[in-house]
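The structure under discussion appears below in the form of C-alpha cells.
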Amino acid sequence: LGAILALAAWLRLHDLGSRPMHADEANQAVKLGALLERGEYRFDPYDHHGPTLYYLAGGLAVLRGERSLAALTETTVRLTPAVAGVLAVLLLAGVMAPLGWTPALLAALFLAVAPASVYYSRYFVQETLLVTFSLLALLGASHARRTGALGWIVLTGAALGLMQATKATAPVLVAVAALAWIGSRRWQGETEHHEARAPRRLRTAPAIGLTLLTAVGVAALFYSSFGTHPAGLRDALATYLPMTGRVAGAPAGHEKPWWYYGSLFWRQTNGGYVWDQTPFLVLALAGAILAFGRGGRGFRAVLLYGVGLATALSVVAYKTPWIVIHLVTPLCVLAAILPAWGAQRAGWWRGLAAVVVAGVVAWQLVQVRQAVFRRPADPRNPFAYVHSAPDVKKASGLLSAAGTGVVRVISEEYWPLPWYLRNGENVGYWTQPPEDCDGALLFVSPAFVGTVRERLQGRYEESYLGLRPGFLLHVFRRRPETP
C-alpha cells in the first residue's frame, strides 16, 4: 500500500504548477485570495460551488507563507485537490479491505493511475474533494454499521457534511449509494424476521439522527463562514434553483449526448492524438459480469452504485469531463475483481492475473503521461475542457514589462487573465470599450479591436495573446515617448 500511495503522490504532485490555469481555476483562486487578504468568504449560490475548497486551500497557503492573492502560486492552490486525490487512494483501500486485501490493493492501484483522477487531482476545482469525502463517508458508515461506535457515527456525519459543503450535488451521490446498498441486500435475498428487526431499528434510529445532526452542523459551519455570515445558510438552499435550471437546460456548449462519459474511456482519435482506456474498461466490464453472476454483496453494491450513478449522470444533458471521476472509483473496484479472483487460484492463473494487472497499469500510465504531463492543455486532450492556451502565461511578463500606468482588459471574455495580472496595481476590466481606452497595456477581444484602435491617442505596438483555442486577444503596448 505504501508503494501505491507513493506512486499516487508522485503522479499528483510532480510539476504541479506547469499547466496554465483554467478559467475556472483562476476564478476560484481569486476568491481564495480574497479569503486570505480579508478573512472573508461569502458563498455565491448562483455561480460557485461550496466553501470547503477555499478554506482547506487557505490553510495550506498560510502554512506555505502565502497570505495574499499576489503571493499565491499555481502549486499552492492545486495542493489541496492533489492531497485529496492521494487520500482518496488510501480511503478506497480502507473501504474495500473487508472484501479482501487483494481486491482492495488492486482497486487502490487502479485509482492511483487512473488518468481522469490524476488529471483532476491537479485541478483547483471541487470534484476531487467530493470523491474523497464520499469515500470517507463510506468508510465511516461501514465501520459504524459493524461496530456501532460513536466515533464512526460522528465521522460519517462529518464526512457527509463536508460533501454537502463541497458541492450541492452531494445528495445525488448519497441517494445512489443508499439505493445500491438496499438493492444489494435484496439481491442477496437477506431476510430478517420482524422480531429480529425491531431491536436493530431501536439502535439504528439514534445513530441515523446523530449522523444527520453532525452532517448539518458541519455543512452549516462552512456555509455560514463559521458563524460570521448566517445568510450563507439560506444561500446553501437557494443554490438548488439555479442548479436545477442548468440541469434542465444545459448552457450552450455544455450539452452532451448520453454516452459522453463512456466515450472518455474507449478509444478515440482527434487530430493525431490517440486516447484509449479500453484495456481498463474491458477489465472493469469483466469484473461487473463476475459481480453480477457470482459476486458477494459488497461487490454487487459497487456494481449497482456504478450503474445507478452512470444512469443518473447520463440522463442529464449538462456534462463536464471532471464529473467522470465519480465513475472512475466504482470502475476501479470492478476492474480489481477478475485479477483478484485469478490471484487466489493456483498455478498459471496467478501469473496471468499479474500480467493483466501489469499490462493495464502500464497502459494507464501511458495515458497519464500523454494527458497530464505532455499535453495537459491541448484541445485534443479529452480532459482539457475549454482550456486556457499555454500562451496566456505570457500575460505576466507583458505586465512586468509595461511599467507604470493603467492596464486595461477590454473583452467579453477574459478569464484566467485576473490570475496572471494579479500583481498589477492598476488593472481594470471592461466588457465594453470605454471612452478613454489609453493605457500602458491593453488586452482587447477581436470584437472590440476596431473601436479601441479608433479611440487610442498614443502610439502602440500590437501583438496577439491566445486566451484559449479559437479566442485570440489583441495586445496593445504603449511605445515609450521619444524626446
Side-chain angles (χ1 to χ4, degrees), residues 19-34 44 46-49 69-70 72-74 77 123-125 242 246 250-255 320 376-379 381 384-479:
R19 177 176 52 80
M21 291 285 274
H22 187 278
D24 290 350
E25 289 185 288
N27 188 298
Q28 302 205 106
V30 170
K31 288 181 70 70
L32 171 59
D44 177 2
Y46 299 101
D47 200 33
H48 287 86
H49 297 303
L69 175 62
L72 283 174
T73 63
E74 288 88 344
V77 298
Y123 220 81
F124 191 57
V125 293
R246 285 193 295 270
H254 294 294
E255 70 280 5
T320 53
D378 193 312
N381 183 339
Y385 189 64
V386 196
H387 204 288
S388 307
D391 200 42
V392 76
K393 297 172 76 173
K394 298 176 183 177
S396 299
L398 291 171
L399 176 67
S400 299
T404 59
V406 177
V407 176
R408 301 183 189 272
V409 180
I410 307 171
S411 176
E412 62 275 29
E413 296 182 41
Y414 51 78
W415 290 98
L417 279 182
W419 169 259
Y420 290 104
L421 302 178
R422 66 191 184 280
N423 288 313
E425 296 181 355
N426 200 7
V427 181
Y429 298 85
W430 288 262
T431 55
Q432 292 290 329
E435 289 299 321
D436 179 8
C437 290
D438 282 286
L441 179 65
L442 285 76
F443 299 91
V444 184
S445 73
F448 301 143
V449 167
T451 302
V452 168
R453 190 179 282 123
E454 290 175 358
R455 296 178 182 179
L456 291 177
Q457 302 298 316
R459 298 169 62 246
Y460 290 85
E461 297 176 354
E462 298 185 24
S463 59
Y464 296 94
L465 182 80
L467 188 69
R468 56 175 172 75
F471 197 93
L472 280 175
L473 289 173
H474 222 81
V475 179
F476 293 84
R477 290 181 291 178
R478 186 163 52 196
R479 293 178 180 175

Take Y460 and L442, measure what side-chain contact (heavy atoms from CB on, under 4.5 Å) needs, and give me the verdict at the end.
-> CA-CA 10 Å; Y460 290 85; L442 285 76; 3.9 Å; yes

When you look at E25 and V77, which way does the side-chain contact (heavy atoms from CB on, under 4.5 Å) test go after all the steps?
-> CA-CA 9 Å; E25 289 185 288; V77 298; 5.8 Å; no

Take W415 and S388, measure what side-chain contact (heavy atoms from CB on, under 4.5 Å) needs, and give me the verdict at the end.
-> CA-CA 8 Å; W415 290 98; S388 307; over 6 Å; no

Derivation and outcome, side-chain contact (heavy atoms from CB on, under 4.5 Å), residues C437 and F476 | CA-CA 10 Å; C437 290; F476 293 84; over 6 Å; no

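In this structure, the ring of H474 has its center less than 6.0 angstrom from the ring center of Y464.
Once rounded to the nearest 0.5 Å, the distance linking CZ of R422 with CG of L417 reads 12.0 Å. Taken from CZ in R455 to CD in E435, the straight-line distance is 4.5 Å, to the nearest 0.5 Å. Put simply, CG on L441 and CG on L421 are 7.5 Å apart, with the number rounded to the nearest 0.5 Å. Here the CG atom belonging to L456 is positioned 10.0 Å from the CZ atom belonging to R478, to the nearest 0.5 angstrom. Note that the CG atom of D378 and the CZ atom of R19 stand 13.0 Å from one another [nearest 0.5 Å].
Within 6.0 Å of NZ in K31 there are more than 12 heavy atoms belonging to other residues, nucleotides or ligands. Summarising the local packing, CD of E461 is surrounded by more than 12 heavy atoms from other residues, nucleotides or ligands at distances under 6.0 Å.
Taking all atoms of both residues into account, the shortest heavy-atom contact from R468 to V386 is CD-CG1, 3.8 Å. Considering every non-hydrogen atom in both F124 and A29, the closest pair reads CE2-N, 3.7 Å. Among all heavy-atom pairs drawn from P376 and A384, the shortest one is O-CB, 3.5 Å. Contact between I410 and P434 at its shortest, heavy atoms only, is CD1-CD, 3.8 Å. In terms of heavy atoms, D391 sits closest to G466 at OD2-N, 2.7 Å. Between V30 and P418, the shortest heavy-atom distance links the atoms CG2-CB, 4.3 Å.
H22 places a side-chain N or O within 3.5 Å of a backbone atom of Y385 that can act as its donor or acceptor partner. No donor-acceptor pair under 3.5 Å is formed between the side chain of R408 and the backbone N or O of G428. Proximity of a side-chain donor or acceptor of D438 to a complementary backbone N or O of G458 within less than 3.5 Å is detected. The backbone N or O of A402 sits nowhere less than 3.5 Å from a side-chain atom of R477 that would complete a donor-acceptor pair.
With respect to Y414, the ring-ring contact (aromatic ring centres under 6.0 Å, His included) criterion is satisfied by exactly one of W430, Y420, F448, Y429: Y429.
Residues W419 and L69 have side chains in contact (heavy-atom distance under 4.5 Å, counting atoms from C-beta outward). Side chains of L473 and S445 form a contact here, defined as non-hydrogen atoms less than 4.5 Å apart. With a 4.5 Å cut-off on side-chain heavy atoms, V407 and F443 count as touching.
Ring pair Y123/H387 is perpendicular by interplanar angle, where above 60° counts as perpendicular and below 30° as parallel.
Contact check on E74 versus K393 returns no salt bridge, with no Lys/Arg side-chain nitrogen under 4.0 Å from an Asp/Glu carboxylate oxygen.
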